[in-house]
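Input: a single structure, listed below in structure tokens.
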Amino acid sequence: MPMLDYWNSRIERAPLEELQELQERKLKQLVENVYRSSHFYRKRFKEAGVKPEDIKTLDDITKLPFTYKKDLRDNYPTNMFCVPLNQVVRFHVSSGTTGKPTVVGYTRGDIDLWTSSLARAMTSCGLGRGDIIQVSYGYGLFTGGLGAHYGAEEVGASVIPMGVGNTERQIELMIDLKATAIACTPSYLLHMNEVAKKMGISVKESSNLKMAFLGAEPWSLETRKRIEDTLGIKAYDIYGTSEMSGPLFTECKEQNGIHVWADHFLLEVIDKNGDPVKEGQRGELVITTLTKEALPLIRYRVGDITILNNEECECGRTHPRIMRILGRSDDMLIIRGINVFPSQVESVLMTIPEVGEHFQIVAERKGELDDLTVRVEVTRAAFSDKLADLMKLEKKIQYELKKVLNLQTNIELVETGTLPRSQGKSQKVIDKRKI
Amino acid sequence: MSGTIKQISLFAENKPGRLSKIAETLSKAKINIRAFTIAEAGDFGVVRMVVDDPDKAYKALQGQGFAVSETEVIGVEMKDIPGGLHDIADILGKNSVNIDYAYAFVTSTHLALLILRVDNIPQAQKVLKAAKIRLVDPEEVRKI
């Protein structure tokens with residue numbers, strides 16, 4: 001069976017004007033819907049002095065208020081949902097900025113949208129029937145595993161639902177089942193390659209791998225080149241956030257920007273003042289979900305810095321592309337695919353009386369994997385003469401952080417008064433990684 | 001607790017210059033160190049010492065921002081000959097007293113002193129005295 005060029009040729013290649021008309025219609029519908037069904041949005045709109053009838057064209061979107069991650073947290077767990085809970089078929093949960101998680105609900109339609117969005121994307125990279133894809137993103141509350149899984153099944157690929165961890169076994173199955181594709185974080189793929197080398201296996205020579213869907217953490221073009229050269233594969237950027245669904249979009253074979261399906265998502269790129277940037281200028285990505293049902297997001301401040309490209313792609317797709325993610329507008333760190341906010345670390349430390357309120361987070365890349373160290377001051381009151389007590393304290397901090405961050409950290413106890421005092425986030429977070 | 005010695009302990013990062021800072025602080029306060037040890041655990045360590053004037057040392061170090069604590073330890077006179085340590089450890093062991101840590105020093109008067117942190121100080125004092133082993137008091141430490 002020949003590979004499909006497009007999952008949905010008509011819509012993927014529709015003229016941009018047609019897509020924009022569609023967006024306009026859907027936006028108006030969305031605004032009316034949420035105004036009617038959501039206490040949260042109605043209140044927000046009223047505060048901003050805007051009514052559904054004020055939205056007549058796409059440009060009117062700037063009249064609508066922004067939505068922030070904080071809103072999801074403040075409305076924990078399900079107060080922002082726009083459908084009754086009996087229409088929700090699934091929940092995903094991600095850790096929030098202060099330890100309080102954010103909950104995203106999905107209707108049957110939301111799951112279908114997510115699945116078909118990735119089916120279009122994966123098809124654009126050439127994944128299809130006959131392919132065997134190893135999904136090495138976390139399954140469960142994290143969106144990566146199940147998202148990639150459903151998308152790959154939809155296009156007819158055979159899925160190995162691997163999940164994270166147990167690298168030796170991952171390599172063994174990849175070789176034995178002749179996986180042709182893998183979905184994981186770029187650093188994990190490099191780590192697998194290192195482990196394989198130690199096992200005396202060359203992934204390039206022994207595996208059938210030809211493509212990888214890599215994301216959930218920022219990675220550079222240099223890293224891509226290194227992955228492609230060492231493994232002899234094509235490495236595609238996969239993108240999405242848990243608030244929007246999870247992984248939703250990828251690059252196409254052109255590897256020149258991530259296609260964002262305009263019939264479901266409306267993109268804006270804004271400057272520091274919240275005003276739209278000129279086309280081609282970098283700014284903060286703002287996404288409106290046009291067709292999501294359980295938890296539609298209006299002008300959601302994703303926080304990623306990118307550039308919008310509305311030109312038709314060489315692949316024939318007309319949908320706007322976001323160019324590589326260039327960083328974050330906030331202080332969020334992405335460590336091994338997990339979002340870490342300094343405020344989360346702070347809130348954990350606050351519950352441990354033996355340490356002071358001052359801390360420093362150091363992100364490093366050790367080998368191929370990210371590594372997070374948290375430096376904390378030992379308070380005078382808490383210091384006992386016993387070394388064992390201090391070691392226990394380190395373990396305790398590590399354990400408490402793991403509970404909230406879902407991430408193993410290194411703890412470094414330092415002397416009181418040695419960490420820089422609140423002079424902004426730049427000193428609270430030291431990112432030594434070269435991405 | 002009578003007959004015990006106040007040991008000064010402090011938290012220090014395991015990096016160049018920290019010990020120098022501690023020593024400088026003590027030097028400026030005119031504190032004389034009698035015995036001294038560092039226990040390290042990776043990135044940090046605990047410095048323990050017996051000094052001539054523990055209260056003054058405590059204040060001086062605390063004034064420099066160090067996390068300091070005072071711990072009761074016992075000082076035992078040890079014969080500066082082979083088997084000296086064995087005698088003491090043997091008595092404590094047979095009487096179920098656990099030694100958390102210990103360090104020793106030899107003074108100019110040819111006296112060997114063993115500093116012991118134990119889990120049961122009264123019991124240690126009792127059994128050592130019964131075995132005719134002499135315990136050293138703070139006044140003696142001050143005068144060494």
Side-chain angles (χ1 to χ4, degrees), chain A residues 345 349-350 352-364 366 371-402 408-423 427-430 432, chain B residues 1 4-22 24-25 35-51 54 57-74 98-103 115-119 121:
Chain A
V345 175
L349 296 178
M350 288 299 187
I352 303 172
E354 294 94 325
V355 297
E357 73 258 45
H358 302 288
F359 66 95
Q360 198 169 45
I361 299 172
V362 185
E364 286 167 285
K366 288 192 177 154
D371 202 61
L372 199 72
T373 300
V374 178
R375 292 185 178 143
V376 289
E377 292 183 355
V378 174
T379 57
R380 280 165 220 171
F383 172 67
S384 95
D385 163 62
K386 283 198 183 142
L387 216 49
D389 287 349
L390 293 166
M391 286 155 91
K392 247 184 258 166
L393 176 61
E394 279 191 332
K395 286 265 178 299
K396 178 176 168 188
I397 300 169
Q398 208 169 39
Y399 175 77
E400 294 298 327
L401 282 172
K402 175 92 195 274
Q408 194 70 25
T409 52
N410 311 308
I411 306 302
E412 222 176 275
L413 298 179
V414 303
E415 290 167 30
T416 315
T418 54
L419 292 178
R421 285 353 197 189
S422 56
Q423 287 162 10
Q427 292 194 315
K428 276 220 151 73
V429 179
I430 300 172
K432 293 179 175 171
Chain B
M1 206 172 292
T4 59
I5 295 167
K6 272 186 196 163
Q7 170 195 257
I8 299 293
S9 309
L10 62 120
F11 177 86
E13 284 169 54
N14 191 358
K15 67 181 188 194
R18 296 318 295 157
L19 183 56
S20 162
K21 177 76 189 167
I22 295 165
E24 185 195 0
T25 305
F36 180 93
T37 176
I38 303 176
E40 63 90 32
D43 298 322
F44 64 85
V46 173
V47 177
R48 300 180 178 121
M49 60 186 111
V50 170
V51 298
Y58 182 90
K59 283 196 191 96
L61 289 164
Q62 202 181 38
Q64 285 301 308
F66 284 103
V68 198
S69 72
E70 284 181 327
T71 314
E72 306 270 347
V73 293
I74 52 176
N98 188 53
I99 303 171
D100 292 331
Y101 54 80
Y103 48 109
I115 303 296
L116 290 169
R117 167 70 186 174
V118 295
D119 61 351
I121 292 178

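Protein chains get the first letters and strands the later ones, always in sequence-line order, with residue 1 at the start of each. All values below were derived from every heavy atom in this structure, side-chain atoms included, with hydrogens, water molecules and symmetry-related copies excluded.
- The part of B:Val68 that comes within reach of chain A is its backbone (N, CA, C, O), which places non-hydrogen atoms under 4.5 angstrom from that chain.
- Of the atoms belonging to B:Asn14, not a single heavy atom falls under 4.5 Å from chain A.
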| query | Going through the distances and angles, do B:Phe11 and A:Thr416 end up as a side chain to side chain contact (heavy atoms under 4.5 Å, CB included)? | reply | CA-CA 9 Å; B:Phe11 177 86; A:Thr416 315; over 6 Å; no
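- For B:Glu40, there are no salt bridge (charged side-chain N to carboxylate O under 4.0 Å, His left out) partners, not counting sequence neighbours.
- Figure legend: cation-pi geometry between B:Arg48 and B:Tyr103 absent, as NZ or CZ is not positioned both under 6.0 Å from the six-membered ring centre and within 45° of its axis.
- A donor-acceptor pair is defined here as one N or O able to donate and one able to accept, closer than 3.5 Å; such a pair exists between the side chain of A:Glu377 and the backbone of A:Leu419.
- Between B:Phe66 and B:Arg18, the closest side-chain pair of non-hydrogen atoms falls below 4.5 Å.
- Residues of residues 389-401 of chain A lying under 4.5 angstrom from chain B, judged on non-hydrogen atoms, are A:Leu390, A:Met391, A:Glu394 in numerical order.
- Under the 3.5 Å distance criterion, the side-chain polar atoms of B:Arg117 are matched with a main-chain donor or acceptor of B:Glu72.
- Side chain of B:Asp119 to backbone of B:Asn98: a donor-acceptor contact under 3.5 angstrom is found.
- Here B:Ala12 is the residue among B:Ala12, B:Gly42, B:Gly45 with the most heavy-atom pairs under 4.5 Å with chain A.
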